[in-house]
**Q** 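Here it is: the structure, laid out below.
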Amino acid sequence: MKSGFIRPWHIAAAIIARLLWLWYFADLHGYAPLGTKDGAFILDTQSYLGSIESLLAGKGYDPDLRMPGYGAPYFLLRLVLDRDAAITGMLALNVEFGIFSSLLLGALALRLCGSRAWANAVFTIFLLSPFVVEYDHQLLTESLAASALITTVYLLVRWWTDQRAWHLVLAGVCAGWLVFLRPVCALFLPIFLLVMFSAHATTIRERLARALLFLAPFLLAECMWIARNWSVHHAFHPATNGFWEKSIEENPVFPITRLVMSYGGYWVFWDPDGDINWFMYRPLGDQGEVQPADPDDDRIPHSIFCPSFNLDSLQLIARDYHQLSYGHPSPTRYDSLRLQVAARADRYREAFMCERPFQYHVVGKLRLLKRFILHSGTERAFRYSYADMGIGGKSMKVSWAVLFIGSVLLGLITAVVWLFTRRPMIQRLLPAIALVGTLVYPLVFRFVEYRYITTTWPLLLVIAALGARTIAHRWPSHVKAEAQQAVKSPIT
């Protein structure tokens with residue numbers, strides 16, 4: 001492994017690129033960051049930062065669904081700044097940590113690839129890609145979570161080679177923050193510990209001391225969070241205080257969401273491309289009635305039908321949901337329609353799970369996995385749709401899409417190969433994290449919003465570089481050149 005990646009031009013390039021991207025996305029989507037509207041927090045941001053405003057107003061940490069990893073720096077900023085300045089400070093924090101982690105990603109690539117050319121390629125692609133940097137202008141955890149994971153992995157790799165305790169402590173701080181930003185990343189902790197237990201130790205006591213040094217920052221914060229939840233909820237809640245936002249659970253579309261999720265459809269109802277829109281937004285007839293379903297509409301795969309329901313059955317859900325949402329029913333009629341939609345959706349979901357178990361447990365999850373990894377990575381990066389772009393815009397979008405999909409696929413393939421071949425544990429660290437962090441969303445939680453892959457994509461980019469370098473070194477022309485060089489300069 002090699003060190004010494006960072007040069008002045010790397011620093012300048014990271015600063016310029018990150019600031020230009022911030023300006024670009026601010027101009028593209030409006031200078032008010034995503035998560036705010038008319039001076040108020042909305043969507044997920046309300047449960048991240050609205051709870052801090054409630055705490056400062058003396059009303060307690062409410063809503064308390066989220067762990068306070070994102071709210072903590074906002075709270076510190078609000079102690080000395082007004083609300084608008086604190087929001088600006090959070091965007092600045094996204095950018096600053098993004099610049100820092102960009103440099104560390106290049107340094108990590110150099111240490112693992114052993115090639116400055118490949119490290120520079122990783123660094124350049126990461127700077128030029130819009131996929132992670134778009135979240136610098138959003139009040140969400142994606143940008144900081146990606147930076148925290150990069151920093152944690154880099155510090156662990158440094159610790160493996162240098163054996164300096166402060167690397168381990170800082171890695172523990174970053175890992176603990178990462179879990180509080182994105183609780184699912186607690187799945188990485190056993191991987192981190194396995195690396196520590198396999199490195200340069202002679203006694204169990206020494207291994208345990210390392211683990212405690214690494215985990216101490218997280219355990220301290222976690223114990224405080226558990227104690228707070230126990231005092232408020234009288235229950236043991238080590239992570240979030242719920243799985244879904246309350247507003248989502250109370251939405252009439254929620255039972256349909258779970259039905260679509262069960263067969264592997266794209267259930268994100270706030271995305272215009274969501275398969276769930278088959279139920280929500282349907283063509284209407286002259287009298288406002290829902291038109292018959294198109295049997296060739298691929299949003300409803302025919303393979304999901306079973307003895308308990310068919311296309312006409314699902315049509316009834318769409319009809320009732322339309323009347324509920326757009327028919328201006330009376331309160332009594334509204335409640336009746338809502339219960340009817342929920343009853344049908346729940347009944348069909350349970351029937352699908354029982355009557356089509358292979359579809360539910362395997363095919364549906366693979367369909368979600370395909371949706372999760374095979375996209376362009378540029379969903380919010382352009383002002384116009386692909387059809388309305390000029391040749392320059394189309395070329396740029398296609399190039400970014402090829403780089404993104406290529407890095408994800410090559411990264412995942414390389415991760416599997418590296419994870420299950422004989423090599424030092426530190427070289428399995430990235431593959432294990434990348435596979436767990438990528439596959440857990442579609443295969444376990446059935447979550448497929450493309451933003452969830454932003455945390456692990458930078459690491460997949462490094463792993464893809466490892467795979468590409470391996471392929472390049474085994475290419476026939478490269479092998480032939482090495483053989484010719486060996487003939488010219490024989491070892492004596």
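Along the sequence shown, the residues carry numbers beginning at 1. Here the structure is a predicted model, which is why all the values come from computation and not from measurement. Quick note: numbers below take in every heavy atom, side chains included, and nothing from hydrogens, waters or symmetry partners.
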**Q** Does the Lys NZ or Arg CZ of Arg446 fall within the cation-pi geometry relative to Tyr360 - under 6.0 Å from the ring centre and within 45° of the axis?
**A** yes
**Q** Run the ring-centre check on Phe180 versus Trp177 and record whether the distance is less than 6.0 Å.
**A** no
**Q** Is a donor on one side and an acceptor on the other found under 3.5 Å between the side chain of Thr45 and the backbone of Phe41?
**A** no
**Q** Less than 4.0 angstrom from a charged side-chain N to a carboxylate O is my criterion; do Arg451 and Asp44 meet it?
**A** yes
**Q** Quick check: Phe254 with Trp267 (ring centres under 6.0 Å apart)?
**A** no
**Q** Does a donor on one side chain and an acceptor on the other come within less than 3.5 Å for Tyr74 and Glu53?
**A** yes
**Q** For residues 252-269, pull every pair meeting salt bridge (Lys or Arg N to Asp or Glu O under 4.0 Å), keeping only residues two or more places apart or in separate chains.
**A** Arg258-Asp346
**Q** For His29 and Arg380, indicate whether the former's side chain and the latter's backbone hold a donor-acceptor pair under 3.5 Å.
**A** yes
**Q** Is it true that the NZ or CZ of Arg182 lies under 6.0 Å from the centre of Phe188's six-membered ring and within 45 degrees of the ring axis?
**A** no
**Q** Check the side chains of Asn94 and His137 for a donor-acceptor pair under 3.5 angstrom, ignoring hydrogens and angles.
**A** no
**Q** Look at the aromatic rings of Tyr135 and Tyr450 and report parallel, tilted or perpendicular, splitting at 30° and 60°.
**A** tilted
**Q** Quick one: does Trp400's side chain get under 4.5 Å of Phe404's, heavy atoms only?
**A** no
**Q** According to salt bridge (Lys or Arg N to Asp or Glu O under 4.0 Å), does anything in residues 225-245 pair up with another residue at least two apart or in another chain? List the pairs.
**A** Asp64-Arg228, Arg66-Glu245
**Q** Using only heavy-atom distances, determine whether the side chains of Arg423 and Thr421 contain a donor-acceptor pair under 3.5 Å.
**A** yes
